[in-house]
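Shown next, in structure tokens, is the structure this report addresses.
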Amino acid sequence: MQRIILHVDLDYFFAQCEELRNPSLKGKPVVVCVYSGRSEDSGAVSTANYEARKLGIKSGIPIAFAKRSASPETVFLPVDFDFYSEKSEQVMEVLRSFADVFEQASVDEAYLDVSSKAKNFSGAKSLAEKIKSELKEKTGLTCSVGIASNKLVAKIASDFLKPSGLTMVEPRKEAEFLAPLKASRLLGIGKKTTERLENLGIKTIGDLANASPSVLTDEFGRNWTDYFKQSALGIDESPLEPFREAQQISRITTLKQDSNEISFIAPVLDFLSEEIIESAKAEQLFFRTISITAITSKLETHTKSKTFEQPTQSLELLKSTARELMQNFLSQNPELKLRRVGARISNFSKKENQKTLAEF
Ligand code: DCP
Ligand code: CA
Ligand code: CA
């Protein structure tokens, strides 16, 4: 049977959530920031709405840069992960109801296999329109959808037209659709690989499809060459992973009283860490990233993270790292008192030494 896969990705997700709870932000540039807490503007932009993007503000740039490009009406807000997770759960519930098989791929995106629900590609297009309108109606959020015969092409298609786009790539049109796009759109082609490809004269996915296999093999080896060639032609047999684990495990709690004393806060973090490790063990997940969340008496949210080379499941490491991150945060912000504290693990793998695609 012909596979029909939808990839749904929410538009400017964190910033759209902020607009949703405060409609007066609509039409203004909105920038959601992860403040590191070191100084007033230290930290990075998490995301920005499309008005802010027109000013050149985007995910990952330093907040200080963003402030320099901002217009007077630009609004800067701290991230509120709890609120976005709550919205994400509502969204996933709606999306799930439309799929034969469903895979949540991140906080704001999912794959839906609709092969039998939609029957053919024109049916899939109507279904996608229905999903977009029902999602808007039930959650207030807009999304962009890609429709294709596999996950690889559906994902690139959902990003093709944004915000609120709908892009369909019919079977046997995959290579043609991908050809003009930059090679870096393919999974696993980061900055370094892009440079190495450019040195070989390869800029687009089409260039990659036409490149000589022996030239690629000399530079990247057999595995990568096979992967490049398949992907560049839009071939991808990978199945949806409906039971893919959570992207993160987190616990958060309100302190008995507002505090900035590590001796008062550390035992609370220890307790949260124990609960987190229990879940991680139950799901057989090893993590590389540890984060703490500190919510101040003024309800500002700050997060600090540390990422390790090797995946781990160690309670001791989680406790000591959470304490260290919190201690650093408190000593850098002596004027703040905390109301709520949280801990989180992410960047999962199933094994202690699993390699990611980028490393093989
Ligand atoms: N995010 C982040 N830091 C990044 C990239 C993303 O904190 N460097 C967060 C904020 C985003 C969310 O993840 O809202 C989803 O990321 P996307 O890449 O899907 O980007 P957006 O949803 O913000 O925008 P787009 O409309 O391009 O999908
Ligand atoms: Ca998105
Ligand atoms: Ca996304």
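As the structure lists them, so they are numbered: ligands from 1, and atoms in each ligand from 1.
- Near Tyr12, with a cut-off below 4.0 Å to any heavy atom, the atoms of ligand 1 are 21 (P), 22 (O), 23 (O), 24 (O), 25 (P), 26 (O).
- Distance from atom 19 (O) of ligand 1 to its nearest protein heavy atom, with residue and atom name: Asp108 OD2, 3.0 Å.
- For the 3.5 Å distance criterion, the side chains of Glu174 and Ser149 qualify, holding a donor opposite an acceptor.
- Looking only at atom types and distance, the side chain of Thr74 has a donor-acceptor partner in the side chain of Ser71 under 3.5 Å away.
- Residue Tyr50 places a heavy atom under 4.0 Å from ligand 1.
- Seen from the ring of Phe81, Arg344 counts as a face-on cation partner, given the 6.0 Å and 45° thresholds.
- The proximity of Lys162 to ligand 1, defined as any non-hydrogen pair under 4.0 Å, is limited to the side chain.
- Residue pairs meeting the side chain to side chain donor-acceptor pair (under 3.5 Å) criterion with at least one partner in residues 55-70, sequence neighbours excluded, are Asp41-Lys67.
- From the protein, the heavy atom lying nearest to atom 22 (O) of ligand 1 is Phe13 N, 2.9 Å.
- For ligand 1, the atoms closer than 4.0 angstrom to any heavy atom of Leu10 are 22 (O), 28 (O).
- Side-chain N/O atoms of Asp108 and Ser88 include no donor and acceptor closer than 3.5 Å.
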Discussion item. Is there a side chain to side chain contact (heavy atoms under 4.5 Å, CB included) between Thr193 and Phe220? Walk through the geometry before answering.
Written reply: CA-CA 9 Å; Thr193 310; Phe220 299 100; 3.8 Å; yes

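- What sits closest to atom 14 (O) of ligand 1 on the protein, heavy atoms only, is Phe14 N, 3.0 Å.
- For Tyr111 and Phe102, the ring centers are positioned 6.0 Å apart or more.
- You'll find the ring centres of Phe348 and Phe287 outside the 6.0 Å limit.
- Apart from Tyr12 itself, the hydrophobic cluster it occupies contains Tyr50, where clustering links Ile, Leu, Val, Met, Phe, Trp and Tyr at side-chain heavy-atom distances under 4.5 Å.
- For atom 27 (O) of ligand 1, the closest non-hydrogen atom of the protein is Arg53 NH1, 3.0 Å.
- Remark: the Asp207 side chain and the Thr204 side chain contain an N/O donor-acceptor pair separated by less than 3.5 Å.
- In Phe81, neither the side chain nor the backbone holds a heavy atom less than 4.0 Å from any atom of ligand 1.
- Nearest protein heavy-atom neighbour of atom 23 (O) of ligand 1: Thr47 OG1, 2.5 Å.
- The proximity of Asp9 to ligand 1, defined as any non-hydrogen pair under 4.0 Å, is limited to the side chain.
- Residue-and-atom listing of protein N/O/S atoms under 3.0 Å from the Ca ion (ligand 2), sorted by chain and number: Asp9 OD1, Leu10 O, Asp108 OD2.
- Clustering of Ile, Leu, Val, Met, Phe, Trp and Tyr by side-chain heavy atoms under 4.5 Å joins Leu233 with Ile235.
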Item to complete: Start with the C-alpha gap between Arg21 and Glu18, add the side-chain angles, then the distance that decides, and say whether salt bridge (charged side-chain N to carboxylate O under 4.0 Å, His left out) holds.
Response: CA-CA 5 Å; Arg21 73 170 151 191; Glu18 295 295 346; 3.1 Å; yes

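- Among protein heavy atoms, atom 7 (O) of ligand 1 sits closest to Ser46 OG, 2.7 Å.
- Protein heavy atom at the shortest distance from atom 8 (N) of ligand 1 is Ser59 CB, 3.6 Å.
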